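Some notes on the structure that comes next.
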Amino acid sequence: MEEKLVTIREATRILGVSIDTLRRWDKSGSLKSVRYSPNGHRYYNLDDLKMMANDLFSLAKKWATNSPALPEPEYYCPDSLVFKARLGRLEKDLSKIEEVKNTFPLITAIVGEIGNNSYDHNLGNWPDIRGVFFAYDLNKKQVVLADRGQGVLKTLRKVRPNLNNDEEALEVAFTEIISGRAPEARGNGLKFVRQVISDNNSFSIEFYSGSAKLFISHGSEDLNIKKSNITFSGCISLIKF
């Protein structure tokens with residue numbers, strides 16, 4: 001069967017990225033175009049675009065690590081009010097799934113903690129684009145969040161200036177209650193996320209910030225922290241349930 005091709009402009013609409021981004025992906029091999037035009041105009045295989053569009057984590061990662069550009073509106077929460085409204089929609093959608101009828105409030109709670117962290121810790125200090133990429137796929141049972149904020153290390157160094165690197169920062173964020181002003185218990189959000197995932201055999205999380213990656217598997221208390229293959233200023237998380 002003959003493959004269906006679309007123009008580069010149509011490809012930008014499908015993926016919600018800029019023409020410059022597509023050109024970079026073409027050059028790096030992340031998403032190759034098919035060139036049929038004698039003058040070098042790029043055309044893309046529609047099936048390839050649909051496959052990438054359905055991979056929410058890849059879309060979030062590319063948005064968080066590429067040049068500043070607003071994500072597709074359906075994934076973009078510019079402020080906490082929009083985020084909370086969409087979080088409510090997630091909870092409603094989860095409540096209809098029989099497999100998670102007893103745990104969907106916990107899924108909503110950990111998503112809410114991570115998203116709220118992005119707004120709370122970057123308030124007035126967003127490096128470029130404020131807000132959160134927030135998307136979910138109920139068929140794949142996953143939720144994706146990303147921001148282009150300051151990241152965990154820079155945030156925690158305000159109260160823990162001796163932190164050496166992103167790996168140390170992730171360990172502190174997921175294990176310690178950090179307080180910038182007594183008697184506040186700041187930093188409890190990610191510790192709560194860890195506890196919920198550790199207590200439930202059906203949840204897992206991948207969390208990226210700076211040059212570090214953390215993974216907590218189903219029902220485990222272990223933090224698997226190591227260097228990531230991507231480096232950026234903000235945070236990305238992939239929650240599976």
Side-chain angles (χ1 to χ4, degrees), residues 21 24 56-71 75-84 87 109-135 143-197 205-216 223-239:
T21 296
R24 285 196 300 273
L56 296 176
F57 180 71
S58 291
L59 286 180
K61 184 167 67 172
K62 291 185 185 302
W63 173 72
T65 58
N66 283 333
S67 299
L70 292 177
Y75 304 142
Y76 182 43
C77 301
D79 55 51
S80 60
L81 290 177
V82 176
F83 174 73
K84 288 175 182 176
L87 184 65
I110 61 177
V111 172
E113 287 287 353
I114 293 171
N116 287 329
N117 265 2
S118 293
Y119 295 103
D120 292 344
H121 296 310
N122 291 293
L123 184 64
N125 290 297
W126 294 98
D128 44 52
I129 297 176
R130 68 171 185 164
V132 171
F133 179 109
F134 174 27
V143 182
V144 178
L145 295 144
D147 68 59
R148 295 179 62 96
Q150 302 175 89
V152 174
L153 178 59
K154 187 172 182 179
T155 299
L156 287 184
R157 271 184 173 162
K158 296 172 184 177
V159 291
R160 291 283 297 273
N162 293 328
L163 285 172
N164 293 311
N165 53 48
D166 293 300
E167 292 99 312
E168 285 186 14
L170 284 188
E171 182 172 7
V172 169
F174 278 85
T175 60
E176 298 182 25
I177 295 176
I178 304 296
S179 178
R181 295 188 305 243
E184 292 181 5
R186 296 180 64 84
N188 198 35
L190 292 180
K191 185 179 178 182
F192 167 77
V193 170
R194 178 197 181 190
Q195 193 62 55
V196 169
I197 292 173
I205 186 171
E206 292 180 36
F207 191 96
Y208 298 76
S209 184
S211 61
K213 170 187 176 181
L214 173 146
F215 177 70
I216 307 175
L223 300 180
N224 185 350
I225 302 175
K226 56 187 177 181
K227 281 282 187 183
S228 171
N229 60 354
I230 57 175
T231 301
F232 63 106
S233 64
C235 300
I236 306 175
S237 56
L238 171 62
I239 301 161

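Predicted model, so just to flag it, every value in this text is computed and none were measured. Excluded from the calculations below are hydrogen atoms, water molecules and symmetry mates; all remaining heavy atoms, backbone and side chain alike, are included.
- Counting heavy atoms from C-beta on, the side chains of Phe134 and Val111 come closer than 4.5 Å.
- Smallest separation of non-hydrogen atoms from Ile236 and Lys61: CD1-CA, 3.7 Å.
- Ala169 meets the side chain to side chain contact (heavy atoms under 4.5 Å, CB included) test with Val152, Leu153, Leu156, Leu163; sequence neighbours excluded.
- Annotation for Ser237 and Ile205: closest pair CB-CD1, 4.4 Å, computed over non-hydrogen atoms.
- Using a 4.5 Å heavy-atom threshold, the side chains of Phe133 and Leu145 count as separate.
- Rounded to the nearest 0.5 Å, atoms CG (Leu123) and OG (Ser80) are 9.0 Å apart.
- Annotation: side chain of Leu214 is not in contact with side chain of Glu206 (no heavy-atom distance under 4.5 Å).
- Nearest heavy-atom pair, Gly189 versus Glu113, reported as atom, atom and distance to 0.1 Å: CA-OE1, 3.3 Å.
- Shown here for Asn122 and Gly149, the closest heavy-atom pair between the two residues is OD1-CA, 3.3 Å.
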Please walk me through it: do Ile239 and Val144 pass side chain to side chain contact (heavy atoms under 4.5 Å, CB included)? CA-CA 6 Å; Ile239 301 161; Val144 178; over 6 Å; no
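- Nearest heavy atoms, Cys77 versus Val82: CA-CG1, 3.9 Å.
- For Asn116, the side chain to side chain contact (heavy atoms under 4.5 Å, CB included) test picks out Phe83, Lys84, Asp120, with sequence neighbours left out.
- In this structure, CG in Leu170 is found 13.0 Å from NZ in Lys226, a value given to the nearest 0.5 Å.
- Checked against side-chain hydrogen bond (donor to acceptor under 3.5 Å, both in side chains), Asn164 has the following partners two or more places apart in sequence or in another chain: Glu168.
- The salt bridge (Lys or Arg N to Asp or Glu O under 4.0 Å) test applied to Asp79 returns no partner, not counting sequence neighbours.
- Partners of Ser118 by side-chain hydrogen bond (donor to acceptor under 3.5 Å, both in side chains), not counting sequence neighbours, listed by chain and number: Asp147.
- Note that CZ of Arg24 and CG of Asn66 are 5.0 Å apart. Values are rounded to the nearest 0.5 Å.
- Judged by distance alone, the side chain of Ser233 and the main-chain N or O of Gly151 form no donor-acceptor pair under 3.5 Å.
- A 4.5 Å side-chain heavy-atom check between Leu70 and Trp63 finds every atom pair outside the cut-off.
- Applying the salt bridge (Lys or Arg N to Asp or Glu O under 4.0 Å) criterion to Arg160, with sequence neighbours excluded, gives Glu176.
- With sequence neighbours excluded, no residue forms a ring pair (Phe, Tyr, Trp, His ring centres under 6.0 Å) with Phe232.
- Looking at Lys227 and Glu167, their side chains come closer than 4.5 Å, going by heavy atoms from C-beta outward.
- Partners of Arg194 by side chain to side chain contact (heavy atoms under 4.5 Å, CB included), not counting sequence neighbours, listed by chain and number: Phe174, Thr175, Ser198, Ile216, Glu221, Leu223.
- In terms of the side-chain hydrogen bond (donor to acceptor under 3.5 Å, both in side chains) criterion, residue partners of Gln195 (sequence neighbours excluded) are, by chain and number, Asp199.
- Note: Tyr119 and Trp126 have perpendicular aromatic rings, judged against thresholds of 30 and 60 degrees for the angle between ring planes.
- Counting heavy atoms from C-beta on, the side chains of Gln150 and His121 never come closer than 4.5 Å.
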Where do Tyr208 and Phe57 land on the ring pair (Phe, Tyr, Trp, His ring centres under 6.0 Å) test, with the steps shown first? CA-CA 12 Å; Tyr208 298 76; Phe57 180 71; 5.7 Å; yes
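- Judged as a side-chain hydrogen bond (donor to acceptor under 3.5 Å, both in side chains), and not counting sequence neighbours, Ser228 has no contacts.
- Take Pro68 and apply the side chain to side chain contact (heavy atoms under 4.5 Å, CB included) test, not counting sequence neighbours, and it matches Asp128, Ile129, Arg148.
- Residues that satisfy the ring pair (Phe, Tyr, Trp, His ring centres under 6.0 Å) test with Tyr76, not counting sequence neighbours, are absent from this structure.
- Between the side chains of Asp166 and Ser209, not a single donor N or O lies within less than 3.5 Å of an accepting N or O.
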